[in-house]
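For this chain, numbers begin at 1 and follow the sequence in order. It should be emphasised that the depicted structure is a prediction, and the values quoted were computed from it without experimental measurement.
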Amino acid sequence: MFVFFKLFYPIPLGSQDGLTKKQNRAQHPHNFLYNTTPQHARPRNYAHELESSRLEMVSVEFGDYHPLKPITVTESKTKKLGRKGSTSSTSSSSSSSMLDPLSSVLDGTDPLSMFAAAAEPVLPNAKKKRDKEESLTVGSDFEPWSSKRGEILARYTTNEKLSIVRKASTPGSAVSEKVRTRLEELDDLEEGSQKELLNLTQQDYTNRIEELNQSLKDAWASDQKVKALKIVIQCSKLLSDTSVIQFYPSKFVLITDILDTFGKLVYERILSMCTDNRNTLPENFTPESVNDTAKETCLNWFFKIASIRELIPRFTLSNHLFRGISECLPRLTSMIRGIGDPLVAVYARAYLCRVLLTEMMERCKKLGNNALLLNSVMSAFRAEFIATRSTDFIAMIKECDESGFPKHLLFRSLGQNLALADPPESDRLQILNEAWKVITKLKSPQDYINCAEIWMEYTCRHFTKREVNTVLADVIKHMTPDRAFEEAYPQLQSIVQKVITYFHDFSVLFSLEKFLPFLDMFQKESVRVEVCKCIMEAFIKHQLETTKDPVILNALLHVCKTMHDSVNALTLEDEKRMLASLINGFLRMVSFGRDFEQQLSFYVEARSMFCNLEPVLVQLIHACVAFCFITIPSLTSIFSRLNLYLLSGQVALANQCLSQGDAFFKAAISLVPEVPKTINIEGKMRPSEAFLLEFLCNFFSTLLIIPDHPEQGVLFLVRGLLNVIQDYTWEDNNDDKIRIYTNVVHLLSAMSQETFIYHVDKVESNDTLYGGDTKFLAETSKLCETVIAQILDHLKNLGKDETLKRQSQLALYFFSSILAHGDLRNNKLNQLAVNLWNLAQKHGFADTKTMVKTLEYIKKQSKYPELSHFSELALRLPLQSRT
């Protein structure tokens with residue numbers, strides 16, 4: 001169909017009487033498309049196409065529908081089925097705004113919100129009141145139990161079956177009948193309620209406990225005090241069951257909720273007996289202020305609790321009824337020793353600390369040698385609680401006996417808390433001085449560095465570079481003798497990390513007199529490199545503006561040189577990429593403004609220092625055009641060289657350096673044959689053709705705007721690149737070569753337009769140079785025929801059984817290209833399009849869905865006057881149904 005021309009066939013623009021480019025444009029300004037050679041490219045009006053492809057804009061009146069307005073769904077509700085078949089009426093209609101997909105389920109509440117609600121079923125007012133009561137005892141900075149409760153319930157769950165085993169008890173013969181009856185009354189519950197608590201799921205178990213909690217409140221409200229006490233006793237017994245150990249923390253929380261409720265009810269009842277309309281108790285009342293009725297009731301409750309025979313119920317109820325009575329603390333502590341199960345005993349102690357915390361702290365102060373207990377308190381409680389009482393803790397540490405537990409460990413625990421929470425501002429310097437008096441006197445380098453590491457964060461957090469520099473100097477003084485630093489690299493690394501975490505101004509950081517000498521202690525190469533990486537990561541993260549500060553540049557060049565010099569033949573590629581990325585981040589932040597001599601001097605020094613990391617050289621080529629010709633050839637990555645040649649040529653065009661641009665583009669073309677079949681990508685060998693296809697498509701986009709050289713002939717760069725592509729050895733099992741040729745057809749179509757779609761400022765492209773010259777258009781048309789012949793020849797070779805699917809896909813792909821870029825008023829091109837359409841569905845491999853949409857597009861486009869011939873084309877494109 002088409003005459004095959006050998007690529008790069010030397011066809012001149014004209015004979016001896018032909019016109020030069022400028023002359024032709026001047027003498028024939030209106031000869032576009034009026035040529036003797038058939039034109040295969042569809043004339044394009046890019047501005048009109050852009051306008052026609054815009055989305056239709058619709059004005060929206062205020063109050064009307066808006067795409068960002070929340071969707072509102074109206075639901076109709078009449079009856080709602082209860083748990084046991086009961087019904088409840090609601091309003092006939094209700095509206096709910098659905099802000100996200102999850103809000104459309106579970107009555108408008110997403111599962112996560114319901115889970116949080118189930119984990120914390122406390123009314124807001126009750127929660128605030130409970131938090132207030134706890135803060136009155138231990139201070140507002142102490143973490144309230146109500147916040148901890150939800151975390152425990154969410155974390156400790158189980159899928160195992162849960163049950164309550166009732167323990168039968170037989171009173172001893174020595175007990176009187178009256179006492180025996182009383183004990184049985186306190187111990188026993190109805191048999192029916194016990195059976196309901198057997199073999200339950202976790203949710204059923206939780207629901208049952210909540211029901212018992214409500215039953216307790218109802219019994220109390222109906223003046224059934226004995227029944228209420230029996231519920232509490234039976235629930236307390238559940239704490240002795242550890243069969244499902246992973247659920248025990250949640251069980252502990254659920255049961256203590258009931259105990260909290262019971263203790264509160266008893267307290268409020270006794271308190272109500274002490275007050276009436278005439279008399280009220282003071283805020284901090286004493287036993288002498290309580291009337292006899294309240295005292296008698298209180299004693300009665302003490303006797304009831306003392307009558308409980310099992311240890312765990314008696315202990316837990318005693319905790320609530322005796323809370324605030326410091327004299328009872330030793331007896332309650334002794335009671336825990338009788339609990340045999342270690343898990344139950346630990347939680348019993350935790351429960352005791354929860355309801356009598358202030359007394360525990362007072363006893364800790366009185367025991368001068370109880371350093372272990374003091375350390376446990378500082379390790380267990382919230383940092384805010386410790387920080388606000390820092391001076392008290394320091395005073396207690398001073399009174400501790402050194403022989404039992406070293407003081408430096410106590411100061412380390414205190415420092416860990418102060419790194420997380422701030423002490424009162426007026427105490428901060430005193431705290432540091434008191435702590436460092438002890439730390440600096442430590443003889444053991446390991447003990448010293450363990451404490452200094454922790455207190456460095458406190459120093460950086462609250463003080464200036466002067467104090468930080470003093471601490472660094474002290475560390476150097478203690479760790480340098482006998483090379484003690486070699487055994488403390490982790491702690492020294494931690495110190496560096498803390499310093500750079502709080503000092504984001506690197507001019508201040510490197511002005512610290514002892515910072516660089518501190519870095520000199522890292523003499524093990526692997527550790528030194530890790531420290532340098534931390535410093536560079538912090539610099540890249542926090543340095544927001546470019547810098548030319550000589551202090552920063554000299555220090556960071558030394559840091560980067562340390563990282564670079566660690567690279568050797570055994571260094572992993574991932575490590576090389578990371579180091580190069582950090583060094584490049586530094587290079588991008590260096591700017592001398594308009595002082596180009598200083599900038600060039602810096603780049604030259606960097607190029608000599610970082611020659612072993614190729615990504616750094618690539619970055620320097622991007623930064624300094626002077627490195628293009630001398631550095632690009634030294635790179636080992638062929639695609640880095642290709643892309644840099646192309647980029648350098650684009651930069652040359654942008655600066656009107658046409659000769660330099662041609663040189664870069666020629667270098668890129670000459671390099672294409674060297675592309676190997678496989679390349680190393682992140683340690684794995686992968687085919688290179690996809691990367692080559694990407695590069696060439698980018699190259700074609702640039703070739704559109706490159707003006708022809710006056711001495712090299714028409715489209716000399718395009719022809720040279722096509723020759724290289726033709727000679728390149730392509731794999732037989734893919735169609736990348738033909739996809740490249742298809743993109744060449746797109747390029748030649750764009751070159752045939754009267755005005756190109758884009759230009760480089762101040763550079764005259766071929767549309768300006770040739771001015772629509774007929775011979776130039778004929779040349780592009782012939783070259784296009786040559787490329788199309790190559791594509792058709794490849795399609796013909798795919799006519800075998802195992803390649804018919806590829807043939808179908810490629811035929812449809814090329815049809816779409818001709819449809820978009822070809823002038824289908826040309827009979828030969830129109831017939832080619834029909835043939836490709838039929839070939840695409842000839843063997844039953846056609847993508848019917850795509851072909852249907854394509855045909856719809858053709859019919860739609862035929863409504864435009866300039867594309868009216870599409871209507872005839874649509875009639876010639878049948879759709880065959882698959883069998």
Looking only at non-hydrogen atoms, find the nearest pair between [X] and [Y] and report the distance.
X: Leu374; Y: Met396; result: CD1-CE, 3.4 Å
X: Leu409; Y: Asn375; result: O-OD1, 3.8 Å
X: Trp220; Y: Phe262; result: CZ3-CE1, 4.1 Å
X: Leu212; Y: Cys235; result: CD1-SG, 3.7 Å
X: Glu453; Y: Ser494; result: OE2-OG, 3.0 Å
X: Val232; Y: Ile258; result: CG2-CG2, 4.4 Å

side-chain contact (heavy atoms from CB on, under 4.5 Å) partner of Arg428, chosen from Thr459, Asp422, Leu418: Asp422
Nearest 0.5 Å, what's the [atom1]-[atom2] distance between [X] and [Y]?
X: Arg382; Y: Asn417; atom1: CZ; atom2: CG; value: 11.5 Å
X: Lys217; Y: Ser222; atom1: NZ; atom2: OG; value: 14.0 Å
X: Thr261; Y: Ile231; atom1: OG1; atom2: CD1; value: 11.5 Å
X: Leu414; Y: Ser379; atom1: CG; atom2: OG; value: 10.5 Å
X: Tyr458; Y: Leu432; atom1: OH; atom2: CG; value: 6.0 Å
X: His462; Y: Ile431; atom1: NE2; atom2: CD1; value: 8.0 Å

Using a 4.5 Å cut-off on heavy atoms from C-beta on, say whether the side chain of [Y] contacts that of [X].
X: Pro406; Y: Asp447; value: no
X: Glu211; Y: Gln214; value: no
X: Lys227; Y: Ser215; value: no
X: Leu254; Y: Glu210; value: yes
X: Gln497; Y: Thr501; value: yes

Intermediate values then yes/no, side chain to side chain contact (heavy atoms under 4.5 Å, CB included), Leu429 and Phe463: CA-CA 9 Å; Leu429 184 57; Phe463 299 99; 3.9 Å; yes
Arg412 (side chain) donor-acceptor with Ile454 (main chain) under 3.5 angstrom: no
Flag, side chain of Trp436 to backbone of Trp455, donor-acceptor distance under 3.5 Å: no
